Amino acid sequence: MKRENRCRIAKQTVAALCAGAMLLSVVPHARAAEPDVIQAAGDIGKIVEQTLGSIRDKLPELEKNIYIPHASDWNLILVNPWNSVPEDYTVTLREIGNGQSVDERCADDLLAMLADCKAWSGGTPVVCSSYRTQAKQQSLYDNKVKRLMKQGYSYETALTEAARVVAVPGTSEHQLGLAVDIVDKSYQILDKKQETTAVQKWLMEHAWEYGFILRYPNGTTDLTGIIYEPWHYRYVGRDAAADIRDKGVTLEEYIEMIRP
């Protein structure tokens with residue numbers, strides 16, 4: 001499929017997901033104005049599945065391009081706004097310090113990358129987010145919605161806007177244990193300025209050597225469904241990371257290239 005067609009489909013899909021998030025508002029109208037209405041929506045996993053199912057029904061072309069890797073390709077599981085965490089997914093975690101944990105299969109490469117970054121970048125890398133449970137992702141999403149509502153957004157609009165920044169629970173890579181948010185100790189705000197820090201400059205140049213990729217590069221939101229995040233790194237394995245770097249593509253594009 002041509003890149004412009006993928007962009008078109010991705011745009012439609014992200015838009016559909018944001019609209020689908022409004023399914024959360026299917027609760028008694030009398031409670032819809034309450035800030036805690038999100039909790040009343042019930043099992044978020046079921047709601048997300050309903051939303052994704054609706055999207056797939058409307059976009060059969062995208063359905064054909066969803067890649068489900070072989071069990072041995074655990075490092076290439078694709079999770080994004082239109083691909084949720086597999087229902088039977090399990091992960092064995094390993095602590096890496098500072099209260100953070102990741103999939104044990106990527107821990108050694110991560111720790112080596114952090115050590116080399118500290119030694120050679122001139123900065124100090126800090127993992128500020130790693131594995132998240134469904135409950136943690138739910139909390140982050142709910143809090144973002146509530147903050148937007150306090151800023152004057154309607155409930156429905158807040159749901160849509162929140163999904164652009166915080167993944168809807170069940171569609172976050174952090175739930176795989178293969179994604180980490182890394183910041184420079186000297187600047188720990190998650191915004192575009194992060195890309196100017198010594199840590200990010202080094203990581204963007206060398207992360208692939210350790211099996212990690214910058215998951216959401218600048219200018220790829222139409223493909224990934226997520227805003228530019230110059231702090232979010234995803235483990236895909238050393239071979240895949242090198243290939244992705246050489247091809248200059250996103251994980252979505254790479255999966256499409258290699259799928260049967």
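Worth saying up front: this structure is predicted, and the values here are computed from it rather than measured.
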Practice task
Please list, chain by chain and in numerical order, all residues satisfying side chain to side chain donor-acceptor pair (under 3.5 Å) with Lys185, sequence neighbours excluded.
Solution key: none

Contact between [X] and [Y] at the side-chain level, heavy atoms closer than 4.5 Å - yes or no?
| X | Y | result |
| --- | --- | --- |
| Leu178 | Val102 | no |
| Arg234 | Leu176 | yes |
| His174 | Ser129 | yes |
| Ile96 | Val127 | yes |

Handout entry: Ile213 reachable from Leu76 in the ILVMFWY side-chain graph, under 4.5 Å edges
Key = yes

Handout entry: Joint cluster assignment, Ile255 & Val249, ILVMFWY side-chain distance < 4.5 Å
Key =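 Hydrophobic grouping puts Ile255 with Val249.
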
Under 4.0 Å between a side-chain nitrogen and a carboxylate oxygen: does that hold for [X] and [Y]?
| X | Y | answer |
| --- | --- | --- |
| Arg259 | Glu256 | no |
| Asp142 | Lys146 | no |
| Asp108 | Arg94 | yes |

Interatomic distance, [X] atom [atom1] to [Y] atom [atom2] [nearest 0.5 angstrom]:
| X | Y | atom1 | atom2 | result |
| --- | --- | --- | --- | --- |
| Asp103 | Ser130 | CG | OG | 11.5 Å |
| Gln100 | Cys128 | CD | SG | 7.5 Å |
| Ile226 | Ser172 | CD1 | OG | 8.0 Å |
| Thr224 | Glu253 | OG1 | CD | 10.0 Å |
| Asn80 | Thr250 | CG | OG1 | 9.5 Å |
| Arg132 | Gln137 | CZ | CD | 5.0 Å |

Completion exercise
Here the ring-ring contact (aromatic ring centres under 6.0 Å, His included) pairs for residues 102-132, sequence neighbours left out, are none

Exercise for the section: For the residue pair Tyr228 and Glu195, confirm or rule out a side-chain donor-acceptor distance under 3.5 Å. Expected result: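 Distance-only check passes for Tyr228 and Glu195.
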
Practice task
Verify whether one side chain among Thr160 and Thr157 offers a donor that lies under 3.5 Å from an acceptor in the other.
Solution key: no

Heavy atoms of other groups near [X] [atom1], more than 12 under 6.0 Å:
| X | atom1 | result |
| --- | --- | --- |
| Tyr153 | OH | no |
| Asp246 | CG | yes |
| Glu95 | CD | no |

Practice task
List, by chain and number, the other hydrophobic cluster members for Val183, where Ile, Leu, Val, Met, Phe, Trp and Tyr join if side-chain heavy atoms come within less than 4.5 Å, directly or indirectly.
Solution key: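 Besides Val183, the cluster holds Val126, Leu190, Trp231.
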
Handout entry: Val168 and Tyr141: CA distance, side-chain angles, deciding distance, side chain to side chain contact (heavy atoms under 4.5 Å, CB included) verdict
Key = CA-CA 7 Å; Val168 173; Tyr141 182 73; 4.1 Å; yes

Exercise for the section: Just say parallel, tilted or perpendicular for the rings of Tyr235 and Trp74, cut-offs at 30° and 60°. Expected result: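 Ring orientation, 0 to 90° scale: parallel.
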
Problem - CA sep, side-chain torsions, deciding dist, call: Asp222, Thr220, side chain to side chain contact (heavy atoms under 4.5 Å, CB included) - result: CA-CA 5 Å; Asp222 289 342; Thr220 64; over 6 Å; no

Problem - Side-chain donor or acceptor of Asp243 paired with backbone N/O of Asp239 under 3.5 Å - result: no

Handout entry: Whether Gln175 side chain and Gly170 backbone form a donor-acceptor pair below 3.5 Å
Key =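 Looks like yes, one N/O pair under 3.5 Å.
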
Exercise for the section: Pick out which of Leu214, Ile227, Val180, Asp181 makes a side chain to side chain contact (heavy atoms under 4.5 Å, CB included) with His232. Expected result: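 The side chain to side chain contact (heavy atoms under 4.5 Å, CB included) with His232 is passed solely by Asp181 among Leu214, Ile227, Val180, Asp181.
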
Exercise for the section: Output all residues satisfying salt bridge (Lys or Arg N to Asp or Glu O under 4.0 Å) with Arg238, sequence neighbours left out; order by chain, then residue number. Expected result: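 Residues passing salt bridge (Lys or Arg N to Asp or Glu O under 4.0 Å) with Arg238: Asp109.
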
Completion exercise
With sequence neighbours left out, the residues meeting salt bridge (Lys or Arg N to Asp or Glu O under 4.0 Å) with Arg215 are Glu173, Glu252

Side-chain donor-acceptor contacts of residues 196-208 below 3.5 Å, not counting sequence neighbours, with atom names and distances?
unit_1 : atom_1 : unit_2 : atom_2 : d
Thr196 : OG1    : Lys193 : O      : 2.6
Thr197 : OG1    : Gln194 : O      : 2.8
Thr197 : OG1    : Gln200 : N      : 3.3
Gln200 : OE1    : Tyr233 : OH     : 2.7
Gln200 : NE2    : Ile182 : O      : 2.5
Gln200 : NE2    : Gln194 : OE1    : 3.4
Gln200 : NE2    : Pro230 : O      : 3.4
His206 : ND1    : Glu209 : OE2    : 2.8
Trp208 : NE1    : Glu205 : O      : 3.1

